[in-house]
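Beneath this line is the structure, given in structure tokens, with notes to follow.
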2 protein chains.
Amino acid sequence: MASVASVSDDSVCFRPHQYLAREHDRPNAIFRIEEGWACRFHLLNDGRRQVTALFLPGDYCEPQWGWGRRVSQPIVALTRVRAVRIDCVSLTSRPSDLYNDLRIALVATVDRQAEWIVSLGRKSALERIAQLLYEIYERMDERGLAFGQQCAMPLTQSVIADVTGLTPVHVNRTLQVMRSAGLVRLQSRWLRIPDLDALRRVATGPMSALNAERTRSPIMPVQS
Amino acid sequence: MASVASVSDDSVCFRPHQYLAREHDRPNAIFRIEEGWACRFHLLNDGRRQVTALFLPGDYCEPQWGWGRRVSQPIVALTRVRAVRIDCVSLTSRPSDLYNDLRIALVATVDRQAEWIVSLGRKSALERIAQLLYEIYERMDERGLAFGQQCAMPLTQSVIADVTGLTPVHVNRTLQVMRSAGLVRLQSRWLRIPDLDALRRVATGPMSALNAERTRSPIMPVQS
DNA sequence: CGAATCGTTGAGCGAGGTCAAGAAAAGTGG
DNA sequence: CCACTTTTCTTGACCTCGCTCAACGATTCG
């Protein structure tokens with residue numbers, strides 16, 4: 001595991017691009033992210049990169065390490081990260097609160113990954129980015145980190161591209177479309193969503209022909 | 001849940017296209033697939049479909065139901081399926097063998113889904129299909145259902161398309177390329193892999209320029 | 001204030017999608 | 001075993017969404 005700068009007994013900090021865990025590590029602790037963002041990713045031999053999970057404040061990184069797993073994909077800090085180290089041995093025994101939290105987080109991971117698979121497999125660039133921004137807002141909101149219809153969004157367009165399976169250039173162009181459609185306001189690592197429902201509707205894809213008439217958005221008409 | 005034809009006390013059968021679980025169900029039992037294949041999928045409003053998990057003989061469907069989860073995406077049989085119902089209450093209590101198996105299966109699901117995300121986000125059609133066929137062979141082999149370099153492969157090209165995020169037409173064309181390259185032999189629901197290593201190499205993507213010289217496949221040279 | 005990193009724009013291209021139609025299997029019922 | 005239907009596979013022509021390459025602003029940060 002990467003060397004870390006100790007802040008207190010079990011609180012650790014990472015700088016951007018620093019690894020929280022490397023492939024094949026056998027981690028002896030789980031991190032609870034207190035501040036900052038991190039991601040799990042995979043790198044193909046020719047440099048193509050795909051992010052397979054985002055870790056926001058309040059997330060466990062990663063629950064499955066509790067059951068003695070090796071790290072299958074590396075974790076890296078996207079911003080400065082402050083986290084609490086949770087020693088794995090402290091939960092080898094049965095049902096504690098933490099044990100339950102980790103189980104719940106693990107199942108949530110399965111659900112979220114299934115959604116990402118749908119997004120990457122079947123959604124357009126516009127829908128994928130809308131989906132990502134919507135998911136980020138919702139997760140921040142759940143942790144009380146959204147204010148009004150706004151929250152922090154420290155991901156660069158390059159990282160957004162690596163999450164959505166697109167090119168930085170195309171992410172840029174698509175974001176401009178979304179901005180000019182009034183779907184999002186995104187600048188200086190801050191996200192505003194004028195109409196949450198409209199964004200969700202774009203992220204979900206067009207309504208079926210039958211009920212398109214009644215539920216069509218005034219901002220983003222369903223496409224073709 | 002869909003009505004099922006009871007075969008014995010806890011063994012059930014499903015015909016192709018029959019649902020093992022519907023969205024929002026609160027399942028009271030987990031299935032252990034004994035025979036046949038099933039999948040989890042999501043359907044967008046306009047008909048686009050994405051498969052988010054495959055269930056092969058020996059798989060649990062789905063582990064997370066054991067911890068009182070609702071079904072977030074429906075499960076449908078792809079072939080005739082025979083499965084064993086495992087009552088959820090029988091494992092609400094602590095560490096049994098089954099309990100451990102489910103935990104392990106759940107973590108394996110996270111890893112496999114992360115791989116699918118990489119495939120869908122960053123791999124070409126050729127690489128995705130190679131990856132899928134390789135994964136299927138490996139999983140069948142683990143269960144002793146591979147014979148030589150062959151195993152059953154009941155997925156239609158349409159289903160392969162819904163797994164890989166492609167079009168049935170393009171799956172067809174890509175399979176022809178793979179066949180003519182000698183990478184796979186796939187006919188009448190039966191898969192043969194002449195050179196497992198070559199297939200894995202295609203699935204993994206090109207080697208980095210540095211070591212391409214030494215490890216290049218004689219069958220499928222790394223592209224560009 | 002200089003150096004990275006990040007964002008923006010343009011021109012051209014290509015992998016994969018769409019539409020349509022026909023051939024080959026695989027079920028189904030008599 | 002054989003007509004019949006349905007599903008699956010295959011092929012061709014054409015199109016588009018998103019990628020590539022390249023250059024130039026705009027931020028951020030030391």
Side-chain angles (χ1 to χ4, degrees), chain A residues 15-17 37 44 46-50 76-80 119-130 132 152-180 184-191 202 205-206 223-224, chain B residues 15-17 37 44 46-50 76-80 119-130 132 152-180 184-191 202 205-206 223-224:
Chain A
R15 337 200 107 265
H17 304 119
W37 295 29
L44 297 188
D46 59 353
R48 285 174 285 177
R49 175 174 17 231
Q50 177 67 41
V76 76
L78 293 169
T79 67
R80 168 188 303 280
S119 205
L120 289 166
R122 291 305 186 195
K123 290 187 183 174
S124 68
L126 180 70
E127 292 163 341
R128 289 185 210 183
I129 296 178
L132 173 62
M153 223 305 280
L155 304 186
T156 68
Q157 295 183 357
S158 217
V159 175
I160 296 178
D162 287 339
V163 173
T164 54
L166 299 168
T167 294
V169 172
H170 198 64
V171 167
N172 182 297
R173 295 196 225 269
T174 305
L175 278 176
Q176 292 179 51
V177 170
M178 297 179 74
R179 275 193 274 250
S180 67
V184 297
R185 208 147 320 182
L186 184 53
Q187 53 189 293
S188 57
R189 347 249 94 170
W190 195 253
L191 170 66
V202 171
Q223 58 234 54
S224 77
Chain B
R15 338 199 106 264
H17 304 120
W37 295 29
L44 298 188
D46 59 354
R48 285 173 286 177
R49 175 174 18 231
Q50 177 66 41
V76 76
L78 293 169
T79 67
R80 169 189 301 280
S119 204
L120 290 165
R122 290 304 185 197
K123 291 187 183 173
S124 69
L126 180 71
E127 292 163 340
R128 289 185 210 182
I129 296 178
L132 173 62
M153 223 303 280
L155 304 186
T156 67
Q157 295 183 357
S158 217
V159 175
I160 295 178
D162 288 339
V163 173
T164 54
L166 300 168
T167 295
V169 173
H170 198 64
V171 168
N172 183 295
R173 294 197 225 267
T174 305
L175 278 177
Q176 291 179 51
V177 170
M178 297 180 74
R179 275 193 274 250
S180 67
V184 297
R185 207 145 319 184
L186 185 53
Q187 53 188 292
S188 57
R189 351 246 94 166
W190 195 252
L191 169 67
V202 171
Q223 57 234 55
S224 76

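Chain naming here is simple, since letters A, B, ... match the order of the sequence lines and numbering starts at 1 in each.
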Provide, to the nearest angstrom, the distance between the CD atom belonging to A:Gln157 and the P atom belonging to D:dA26. 15 Å
Testing the basics here: between B:Ala125 and B:Thr174, what is the closest heavy-atom pair and its distance to 0.1 Å? CB-OG1, 3.9 Å
Any idea which of D:dC19, D:dT8, C:dG17 is nearest the A:Arg173 side chain? D:dC19
Indicate, with a heavy-atom threshold strictly under 4.0 Å, whether B:Arg179 touches base, sugar-phosphate, or nothing. sugar-phosphate
Sugar-phosphate only, base, or nothing, as touched by A:Arg128 at under 4.0 Å among non-hydrogen atoms: nothing
Which is true for A:Arg122 with a 4.0 Å heavy-atom rule: it touches a base, it touches only sugar-phosphate, or it touches nothing? nothing
Under 3.5 Å donor-acceptor, A:Arg122 side chain and B:Leu166 backbone: yes
Between C:dG27 atom P and B:Arg80 atom CZ, what is the distance in whole Å? 11 Å
Backbone N/O of B:Val163 and side chain of B:Gln50: donor-acceptor pair under 3.5 Å: yes
Toward the 5' end of DNA chain C, by each residue's nearest nucleotide, A:Gln176 or B:Ser188: A:Gln176
Rounded to whole angstroms, how far apart are CG on A:Leu166 and C1' on D:dT20? 14 Å
Below the 4.0 Å mark, does D:dT10 have OP1 or OP2 next to a side-chain nitrogen or oxygen of B:Asn172? yes
Rounded to whole angstrom units, what separation is found between the CG atom of A:Leu155 and the C1' atom of C:dT5? 16 Å
Between C:dA25 atom P and B:Leu186 atom CG, what is the distance in whole Å? 14 Å
Can you check the B:Gln187 CD to D:dT8 P distance for me, whole Å? 18 Å
Can you tell me how far C1' of D:dT27 sits from CH2 of A:Trp190, to the nearest Å? 19 Å
Across the strands shown, which category fits B:Thr167 at heavy-atom distances under 4.0 angstrom: base, sugar-phosphate, nothing? base
Can you tell me which nucleotide in C:dG10, C:dC19, C:dC6 comes closest to the side chain of A:Arg189? C:dC6
Please report the interatomic distance NZ(A:Lys123) to CG(B:Leu44), rounded to the nearest 0.5 Å. 6.0 Å
Using a 4.0 Å heavy-atom cut-off across all strands, classify B:Arg48 as base, sugar-phosphate, or nothing. nothing
Would you say that more than 12 heavy atoms from the other residues, nucleotides or ligands in this model lie under 6.0 Å from the CZ of A:Arg15, or not? no
Rounded off to whole Å, could you give me the CG-to-P distance for the B:Leu78 and D:dT7 pair? 16 Å
Find which nucleotide of DNA chain D each of B:Leu175 and A:His170 is nearest to by heavy atoms, and output the residue with the more 5' nucleotide. B:Leu175
